[in-house]
Enquirer: 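Starting off with a structure, shown below.
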2 protein chains.
Amino acid sequence: MGVTIADVARAAGVSKGAVSYALNNRPGVSEATRSRILHHAHELGFSPNVQARSLSSSRAFAVGLVIARDPGLLGSDPFFPAFIAGLETVLADEDVTLVLTVATRPGAEERAYRRLADGGRVDGFVLSDLRCTDNRIALLEETGLPVVTLNRPDGPSSFPAVLVDDTAGVRDAVEHLIALGHRRIGHVAGPQDLIHGRSRLRAWRDTMTAHGLEADLVAVTDFGAGSGVAATEELLGRGDPPTALVYANDVMAIAGMSAIAAGGRSVPGDVSVVGYDDAPIAGHLTPGLTTVATSPMRWGELTARVLMRAIEHGPRLPDVTMAPASLVVRGSTAPPPGPTAHSRLTAPSSTAPSSSRSSSSSRSSSSTARE
Amino acid sequence: MGVTIADVARAAGVSKGAVSYALNNRPGVSEATRSRILHHAHELGFSPNVQARSLSSSRAFAVGLVIARDPGLLGSDPFFPAFIAGLETVLADEDVTLVLTVATRPGAEERAYRRLADGGRVDGFVLSDLRCTDNRIALLEETGLPVVTLNRPDGPSSFPAVLVDDTAGVRDAVEHLIALGHRRIGHVAGPQDLIHGRSRLRAWRDTMTAHGLEADLVAVTDFGAGSGVAATEELLGRGDPPTALVYANDVMAIAGMSAIAAGGRSVPGDVSVVGYDDAPIAGHLTPGLTTVATSPMRWGELTARVLMRAIEHGPRLPDVTMAPASLVVRGSTAPPPGPTAHSRLTAPSSTAPSSSRSSSSSRSSSSTARE
DNA sequence: GTGAAAGCGCTAACAC
DNA sequence: GTGTTAGCGCTTTCAC
C-alpha cells in the first residue's frame, strides 16, 4: 500500500493512463516512455493494488478451490498438498491467487461456491472430487465462470477436464497380480458416489472379468483407514478368501497390511497388497507398498494452465489428457502361497519378482497370464 | 455480479449510502428503513462486490497462509488439512476468504508474502512452521499487517501467538515409557531449524535428564518417512540400543515400526514406539500407535479467531494458550523385554502410567502388563 | 435520520 | 502516440 499509479505518473511526468499501459505491456505508449515509466515505478517501489485493478477490470486475479471432505480423511490424503503445490507453480507466475475453502459443515460447500462466485472473488474454479451426477456442475454453470474439472464428470458438462486415466493403473495392478499367479484378487473400493472410487472399482472388475476371473471379492469403504481394516478382515474372512488385495488408496492399503499381519498372515507371503496414490511413505515401509502412482503435482500444474487459458481466452476448451497412472511395483506383491505357487512357473517370464522401482516402471504384462 | 447497491437503493427508494449503512448494521438508518432495504436487497438477490468494498474500505476480506514445505512431506502431514478446516469454520462466518500459497521453489516464500501484502490482497497472515530465528517475523512486521503465529517464536515478535505446549505431550510420552520400565529411550527428532522440531527434542532430553537417564539416543531427521527409517536403524544398531523410541511425528513412527519389524524385532515386545500427531491412521494399525494428540482443527479455529480480532481491533493482542498436547496410549508401547523388566520397581513413583487421554479410547493396560 | 457527493486506485474509452 | 476523463461498486464524510 502507499505508492500509487498517480505517484508514478507524476514522477515520470505522464498521465495515469500511460502508466497503466506501460505496466501492462500494452500498446499505447512509446518504448521510450514505457521504459522511463517502468524505471520510475521500480524506483518508487510501486506495486499495483489488486482491489483497484479488480474493480475496474472486473477480474479477481484469483481462482477458487473448494474441498468438501472430512478433515481426517483429507489429512491422510497425499493428493491435495501436491496438487495445490502444482497449481501454485503456475498461478504464482501469473500473479493469480488461490482461494481455498475447506467445507466441513453441511451446506457449506454450496455456500462457498456461491459466495466466491457471486462476490466476484474468483475468476474461475477447479472442481475436484467429482461425484456421480454432481450437482456442482449445474451450480457452477449457472455462475458463468470458467471451470476445469479433474476428470470428466459422468453427466453433461461444458467445462474442460484434465484427465488422468486411473483405470490403467488399476488394470496394471490386477494384471500384475494375475501374472504372479493370483486368481482370488479382492478390491477394497472407495466411496461409490465419487467417480474415482467408482472408476477404480470398475477397472478392477473389468480386468478380472476380462481374464475370466470372478469379481466377487469387493468391499466398499469411505477411504478411511478404519474401514480399510474392516474391509480387509471381512474379505479375508470369507469362504474362498483372496490371496491379493487391491486397495483404492494407500492409507487403506497400509492399514490393511497391518491388519493382515495382525491376523497372522504375511505380506506378501500369504496376501499381496496393492495401494493407490504412491504416498510418500509407501516406499519406506517393509515390505514396500506396490501401488499406483499418479502425479498430483503435474496434475495441478496442467489444471492451472488450462484454467488460466479458459479465463483469458474463453471457457470452452478441449479436454487435456495426462499420462495414465502407472504401477510402481515394490515388495508387497509376490506369487500367491503354496498350492497355487506352481502357477508362477506358467506365468509369462516378464513378470519378474518385482522390486523394480524407477520413476514409473513396471508394465505388467497383462494379457498373457492364464493357466 | 449484476445487482448493485444502486439497484437496491432505487428499489427501496433511498440513497446508496443508506443501503450501505443498512447492510452493514450500522447506525445511520431507522429500523424501518433498514428492514425495508434488507428486504429489497434479499429480493433482488443482492450480493456485495468484494472488490468494491475492498477498494473503498481498504480491507481485503482475506487472510493469507503461506506454506513452505516439500509437497511430499506436506502430503503426509495430517496437520494442515485439519488446521485449515478449523480456520475455515471461523473465516466463513466472517465472510473472509483464505488465500493459500504453497511455496516450493526457492525464494517463492518471501515473494509470496510480499505479493500478498503489497498488493493489498490480505488483511493479515497466519504464520506457521516457525523456524529458529525466523526472518519472516521481520518481513511481516515490515508490512504492518496483523499476524498470528503458531507458537511463540524464539526471537522477538510483536505478534500474538496461539500456543500449544507440545512439551507436555512428549514429556508424558517419555514418562509413560519410563513407568513401563524403559531406560534406554531414543528420540527420532525433526529438523532442528523448526521450533517444534527443536522443542520436542528438548522436551525429550529434559525429561530423560530429569529422571536421571542418559539422553544419548537421538537422531535428527527431516520429518520424512525415509529418514525415519534410517534413524530407526541407526539407533537400533548402536551398542546399547534403545528399547523404546519416541518419534517427532507419526509418519516416521509408522515407517519406523515397519523397519523395526523388518529387522526381526517386534513392536512393542522388543521396542516400544511413540509417535506425534495422532494421525487418523494411528489408531487403525496393529498394534495401534501410541502417540501425542494435538487438536489441529481447534488450533485453526482459535488462530482464526485471534487473527480476526487483531484485524478488527488492532494487532497487539495477548497470547492465547490451548490445552496441551496429550498422550494417547495404544498398543505400540509396553514394558521392555526380559532382563530390564524388574527395573520398573525401582522407577520413581511420580511417573504414573499416564494413560491419560480424555475423550477417546484405549488406555493400554500399561502398568499391569507384566509377565 | 437521511441523501448527496467525493473518492478508493486502477482500467479503458475517448479526444488530442 | 499520448494524455484526459469517466467510471468500476462501494464506503464515508458532510450537509440537510
Side-chain angles (χ1 to χ4, degrees), chain A residues 1-38 40-41 44-62 95 115 117-121 123 311-312, chain B residues 1-38 40-41 44-62 95-96 115 117-123 311-312:
Chain A
M1 214 74 72
V3 34
T4 78
I5 205 180
D7 299 326
V8 178
R10 201 173 317 116
V14 297
S15 72
K16 281 166 41 178
V19 176
S20 176
Y21 287 138
L23 291 171
N24 296 298
N25 310 309
R26 270 217 265 235
V29 289
S30 65
E31 253 331 301
T33 333
R34 179 190 307 279
S35 65
R36 187 159 44 92
I37 291 173
L38 257 36
H40 280 109
L44 295 171
F46 169 79
S47 125
N49 180 308
V50 200
Q51 331 287 2
R53 290 185 71 188
S54 293
L55 184 57
S56 49
S57 63
S58 49
R59 292 240 283 133
F61 302 98
D95 202 31
R115 186 166 67 102
D118 296 347
R121 285 180 187 259
D123 300 318
I311 289 171
E312 280 154 18
Chain B
M1 216 71 73
V3 35
T4 79
I5 205 180
D7 299 325
V8 178
R10 204 173 314 119
V14 298
S15 73
K16 282 166 40 179
V19 176
S20 177
Y21 287 138
L23 291 172
N24 297 298
N25 309 309
R26 270 218 259 245
V29 289
S30 65
E31 257 327 303
T33 334
R34 179 191 307 279
S35 66
R36 188 160 42 91
I37 291 173
L38 256 37
H40 280 108
L44 295 171
F46 170 79
S47 126
N49 179 307
V50 201
Q51 329 289 0
R53 291 186 71 189
S54 294
L55 184 57
S56 50
S57 63
S58 48
R59 291 241 280 133
F61 302 97
D95 202 31
V96 165
R115 187 166 67 104
D118 296 347
R121 285 179 188 260
V122 298
D123 299 319
I311 289 170
E312 279 154 18

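Convention: sequence-line order gives letters A, B, ...; per-chain numbering from 1.
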Enquirer: Figure out the CZ/P separation between A:R10 and D:dT4, and round it to whole Å.
Expert: 13 Å
Enquirer: OP1 or OP2 of C:dT2 less than 4.0 angstrom from a side-chain nitrogen or oxygen of B:S30, does that happen here?
Expert: yes
Enquirer: Would you say a side-chain N or O of B:S20 is under 4.0 Å from OP1 or OP2 of D:dT12?
Expert: no
Enquirer: Among D:dC10, C:dC10, C:dT2, which nucleotide sits nearest the side chain of B:T33?
Expert: C:dT2
Enquirer: Check every strand shown and say whether A:P48 touches a base, only sugar-phosphate, or nothing at a heavy-atom separation below 4.0 Å.
Expert: sugar-phosphate
Enquirer: Can you tell me if the side-chain N/O atoms of A:N24 get under 4.0 Å from OP1 or OP2 in C:dT11?
Expert: yes
Enquirer: Could you check which of C:dG1, D:dT11, C:dG9 has an atom nearest any side-chain atom of B:L55?
Expert: C:dG9
Enquirer: When you match B:S56 and B:G13 each to their closest nucleotide on DNA chain C, which lands nearer the 5' end?
Expert: B:G13
Enquirer: Measure from the side-chain N and O atoms of A:S56 to the backbone N and O of A:A52, and report whether any donor-acceptor pair falls under 3.5 Å.
Expert: yes
Enquirer: Among the nucleotides D:dT12, D:dC8, D:dC10, which one has an atom lying closest to any side-chain atom of B:A52?
Expert: D:dC10
Enquirer: Using the closest heavy atom to pick a nucleotide of DNA chain C for each, name whichever of B:V29 or A:S57 lands nearer the 5' end.
Expert: B:V29
Enquirer: Of all the choices, C:dT2, D:dG3, D:dT12, which nucleotide is nearest to the side chain of A:A18 once you look at every atom?
Expert: D:dG3
Enquirer: Between D:dT12, D:dT4, C:dC10, which one does the side chain of A:S15 approach most closely?
Expert: D:dT4
Enquirer: Would you kindly give the CZ-to-C1' distance between B:R34 and C:dT2, to the nearest whole Å?
Expert: 13 Å
Enquirer: Reckon B:R26 has a side-chain N or O less than 4.0 Å from the OP1 or OP2 of D:dT12?
Expert: yes
Enquirer: Given the ring of B:Y21, does B:R34 sit roughly above its face, with NZ or CZ under 6.0 Å from the centre of the six-membered ring and within 45° of the axis?
Expert: no
Enquirer: Taking the side chain as everything from C-beta on, heavy atoms only, tell me whether A:T4 gets closer than 4.5 Å to A:N49.
Expert: no
Enquirer: Among C:dG3, C:dT11, C:dC10, find the nucleotide with the atom closest to the side chain of B:Y21.
Expert: C:dG3
Enquirer: Students often get this wrong, so: under 4.0 angstrom with heavy atoms, is B:S54 touching a base, only sugar-phosphate, or nothing?
Expert: nothing
Enquirer: Examine distances only and state if a side-chain atom of B:R121 and a backbone atom of B:A62 form a donor-acceptor pair shorter than 3.5 Å.
Expert: no
Enquirer: Which one, D:dT11, C:dC10, D:dG3, comes nearest to the side chain of A:V14?
Expert: D:dG3
Enquirer: When you measure from the side chain of A:D123 to the backbone of A:F61, do you find a donor-acceptor pair of N or O atoms at a distance under 3.5 Å?
Expert: yes
